[in-house]
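For reference, the structure is listed below as structure tokens.
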There are 2 protein chains.
Amino acid sequence: MTSSRATLIQVAERAGVSLASTSRALHGSGASEAMVERVRAAAAELGYSPDVTGRSLRLRKTFQIAFAVADIGNPVYVEMMTAIHEVLAPHGYRVVVMTTGDTPASTTELVRSLGSGFVDGMVLSPLRTDDGLVRAIKQAPVPVVVIGRSLGDQGIDSVSTDSAGGIGQAVRHLLETGRRRIGFLNGPPDTTPGEARRRGFDAAASDPGFAAERVEVALAEDFTVAAGVAAAHRLLAGAPDGGARLDAVVAANDLLAIGAIRAARELGLSVPEDVAVTGMDDTELGRVFQPSLTSVSLGSDERGHAAARIMLRLVDGDAGEPQTTSVGPRLVVRESTVPRPARASAPGEGVR
Amino acid sequence: MTSSRATLIQVAERAGVSLASTSRALHGSGASEAMVERVRAAAAELGYSPDVTGRSLRLRKTFQIAFAVADIGNPVYVEMMTAIHEVLAPHGYRVVVMTTGDTPASTTELVRSLGSGFVDGMVLSPLRTDDGLVRAIKQAPVPVVVIGRSLGDQGIDSVSTDSAGGIGQAVRHLLETGRRRIGFLNGPPDTTPGEARRRGFDAAASDPGFAAERVEVALAEDFTVAAGVAAAHRLLAGAPDGGARLDAVVAANDLLAIGAIRAARELGLSVPEDVAVTGMDDTELGRVFQPSLTSVSLGSDERGHAAARIMLRLVDGDAGEPQTTSVGPRLVVRESTVPRPARASAPGEGVR
DNA sequence: TAGTTTCCCGGAAACGTTTCCAGGAGATGT
DNA sequence: ACATCTCCTGGAAACGTTTCCGGGAAACTA
């Protein structure tokens, strides 16, 4: 917190050369060996470090990428952010975290604010989308890569995953392991993830091979453990018509799944013996939980990586057609669905 | 991704007034009512939004604050980041996430890079510290607030917590609930948190009222669940001299604690009946775990809030003496230490 | 040796904004 | 009616950097 910093002009004076040469010697090309040495020495003496705001203004480039989600505390988004940072940092880009708010309108406002030019691009994972948001993204003054929905046909670069298909994988797994009375624990259906999960479950349930005898659905107020506990209680409290109790719960989310396990325990049911539970997202939380959680991985880190790589391509001016890249869902079977755990691996397996 | 954006000059031309007046009309004071209206209209027609890089250059202010830690995926740091963002965003500051690397040297390098002026300040939580880092922080060209160690006497603004005292609270709690053979599961002792925990345990163990009959220590390779499992196995495998097995484990961290619970289960021990386990940090993970984890809260969000508020004060030029503010540790008793859970509250208690 | 190319260097402009400064117009006071 | 003051406006400079452009010297070719 000391003396004001040295500027390029001062370095130039110190080295006794022009400003232009100084700049060239430090960054660009076209400087003689002697010049480079001389300027370097002067810069070192003065402890010069280039000012990025001046640089940004001239270059029209900030070397910053925004990452915007509704809830930066959500483990899934944390994983994405980490992945994005991993890819971007080595290329000299900084990551700015932002929150979208819950509504399409607030998200749209955020996208519009990109006009201020504080970042070179934005990786966005909107919780809810509408036409206005899509329009805003298309008109954004900097590249926007969307994680969550395939908007390639809309002319928007996006990284998607087949979470609907993932729900299908979970359902099939439960049927294959003998479950017949299946509850579907979803979050708010007006969100992008909620809508996709619902679609996935409906598709699975209308499959010819769908052998379930009983199906019930409950909606949690949001994608949290607490909401999951409450909704799962309704699901597991007992069949309203006196039918047999559910023996499996497909949760839209690891947090909801853990809520379901908790509710089951509170009702005196054991997991997986009495009721099997599947989650989605394959979070650390689910991996270390006891019983460890069977979950559909949606490759949060892969998606983050992919989005970041697309972003790098875009900010380097390599435009090309907007495209949707997709990472496949992958069921990871753990203790919460199979009575004799398939834990053939070493202690602490799946734990980082 | 369309036409290049409108500049203030274009707004001025459109409004038919000078550049200076345009700027004043939009931000500053000293513009007539008519002028403001006229300029506003022109700006609206052109869809003008001010360019922050130009603004930053002139104002010598970026409205950005860096948040730097070793591992941005760590739940504790995520909580801090969220808290910091909550405080700063309403004041118009953006948060830039950065990683310090594992060593004091890499952290020092990061602090030095602040000379480039891409942020107005940095909230830093270094994993390891040395004299060079302390010097670099003191000489940093922008305010730095350190979370983790009290460096107020070194002339550095910092937010600390008494994690050593927190370990003491955990130990006392275990003694009070009848435990007598206590294991201490620490992380790398050369880290700031590791060192503080060790100090705390040593202090507790040398207290006159320390009634334990047996004490053992194990060091995990890092602060992760996997490392915790491995180290806890050593701790719980049985006393080398054939003495009675430990009946309590004080872990330096929630992740290590969960590792310990897992190891206990693998050894056929039940928690908390056979062995009680305490964690530290009071993370979401520990709250939803089964058994829910008795943990010492170090107020990650409080610390984040405090650091952000100090930062706001600093960037607003209100210097004052560097100070250390401290938030107290707070033991939260849950199922992992008391056989008959004190869960008097509603289902899903402590779960967000 | 003269002409041509290559290589470096310095001057100056530009990126978009805020603010200092001077001046003009109108209002107020005597 | 004149001086003084207040209020508003426009010109111009400044923040720190990169890069275009022109020119001079050196190196090459014929």
Side-chain angles (χ1 to χ4, degrees), chain A residues 3-40 42-43 46-64 92 113-120 141-142, chain B residues 3-40 42-43 46-64 92 113-120 141-142:
Chain A
S3 59
S4 58
R5 298 170 20 226
T7 159
L8 197 59
I9 299 183
Q10 296 171 25
V11 176
E13 286 172 355
R14 178 95 173 200
V17 299
S18 80
L19 179 58
S21 299
T22 311
S23 178
R24 274 190 299 254
L26 291 180
H27 303 288
S29 55
S32 68
E33 198 56 46
M35 175 68 81
V36 169
E37 174 131 357
R38 198 164 166 182
V39 170
R40 284 243 181 89
L46 292 169
Y48 169 76
S49 64
D51 182 276
V52 303
T53 67
R55 184 158 213 269
S56 291
L57 180 58
R58 174 61 222 236
L59 257 37
R60 305 272 62 206
K61 193 161 163 66
T62 61
F63 293 95
Q64 296 190 148
S113 78
L114 291 174
S116 301
F118 55 94
V119 292
D120 298 335
V142 296
Chain B
S3 58
S4 59
R5 296 168 24 223
T7 159
L8 197 58
I9 299 183
Q10 296 172 25
V11 176
E13 285 172 357
R14 178 94 173 201
V17 298
S18 80
L19 179 59
S21 298
T22 311
S23 177
R24 273 190 299 256
L26 292 179
H27 302 287
S29 54
S32 69
E33 198 57 45
M35 175 67 81
V36 169
E37 174 129 358
R38 198 166 165 180
V39 170
R40 285 244 180 88
L46 292 169
Y48 170 75
S49 64
D51 182 276
V52 303
T53 68
R55 184 158 213 268
S56 290
L57 180 58
R58 174 62 222 238
L59 256 37
R60 306 272 62 209
K61 194 163 164 63
T62 62
F63 294 95
Q64 296 190 150
S113 78
L114 290 173
S116 301
F118 55 94
V119 291
D120 299 335
V142 297

- Message: If you assign B:Arg24 and B:Leu57 each to the DNA chain C nucleotide with the nearest heavy atom, which residue ends up on the more 5' nucleotide?
- Response: B:Leu57
Give a yes/no answer on whether the side chain of [X] brings an N or O atom under 4.0 Å of OP1 or OP2 in [N].
{"X": "A:Ser18", "N": "C:dG10", "answer": "yes"}
{"X": "A:Thr53", "N": "D:dT17", "answer": "no"}
{"X": "A:Ser21", "N": "C:dG10", "answer": "yes"}
{"X": "A:Ser32", "N": "C:dC7", "answer": "no"}
{"X": "B:His27", "N": "C:dT18", "answer": "yes"}

Which of the following nucleotides, [options], is nearest to the side chain of [X]?
{"X": "A:Arg60", "options": "D:dT17, C:dG16, D:dG10", "result": "C:dG16"}
{"X": "B:Asp51", "options": "C:dT17, C:dA12, D:dG16", "result": "C:dT17"}
{"X": "B:Thr7", "options": "C:dG16, C:dG10, C:dT19", "result": "C:dG16"}
{"X": "B:Arg58", "options": "C:dT19, D:dT9, D:dT19", "result": "C:dT19"}

- Message: Check this for me, if you would: do B:Asp51 and A:Arg60 make a salt bridge, where the nitrogen-to-carboxylate-oxygen distance has to be below 4.0 angstrom?
- Response: yes
Scan [X] against the nucleic acid and name what it touches under 4.0 Å (heavy atoms): base, sugar-phosphate only, or nothing.
{"X": "B:Val17", "value": "sugar-phosphate"}
{"X": "A:Leu8", "value": "base"}
{"X": "B:Ser23", "value": "base"}

Rounded to whole angstrom units, what separation is found between the [atom1] atom of [X] and the [atom2] atom of [N]?
{"X": "B:Arg38", "N": "D:dC8", "atom1": "CZ", "atom2": "C1'", "answer": "14 Å"}
{"X": "A:Met35", "N": "C:dC9", "atom1": "CE", "atom2": "P", "answer": "4 Å"}
{"X": "B:Ile9", "N": "C:dC15", "atom1": "CD1", "atom2": "C1'", "answer": "10 Å"}
{"X": "B:Leu19", "N": "D:dA12", "atom1": "CG", "atom2": "C1'", "answer": "10 Å"}
{"X": "B:Tyr48", "N": "C:dG16", "atom1": "OH", "atom2": "P", "answer": "10 Å"}
{"X": "B:Lys61", "N": "C:dT17", "atom1": "NZ", "atom2": "C1'", "answer": "16 Å"}
{"X": "A:Leu59", "N": "C:dA13", "atom1": "CG", "atom2": "P", "answer": "20 Å"}
{"X": "B:Gln10", "N": "C:dC15", "atom1": "CD", "atom2": "P", "answer": "10 Å"}

Student check: side-chain heavy atoms of [X] and [Y] closer than 4.5 Å:
{"X": "A:Gln10", "Y": "A:Thr7", "value": "yes"}
{"X": "A:Leu19", "Y": "A:Leu8", "value": "yes"}
{"X": "A:Tyr48", "Y": "A:Arg14", "value": "no"}

- Task: Taking all heavy atoms of B:Ala43 and all of B:Leu26, pick out the closest pair and write down the distance.
- Result: CB-CD2, 4.5 Å
- Message: Please determine whether side-chain hydrogen bond (donor to acceptor under 3.5 Å, both in side chains) holds for the pair A:Ser18 and A:Ser21, giving the CA-CA distance in whole Å, both sets of side-chain angles, and the decisive distance to 0.1 Å.
- Response: CA-CA 5 Å; A:Ser18 80; A:Ser21 299; 3.1 Å; yes
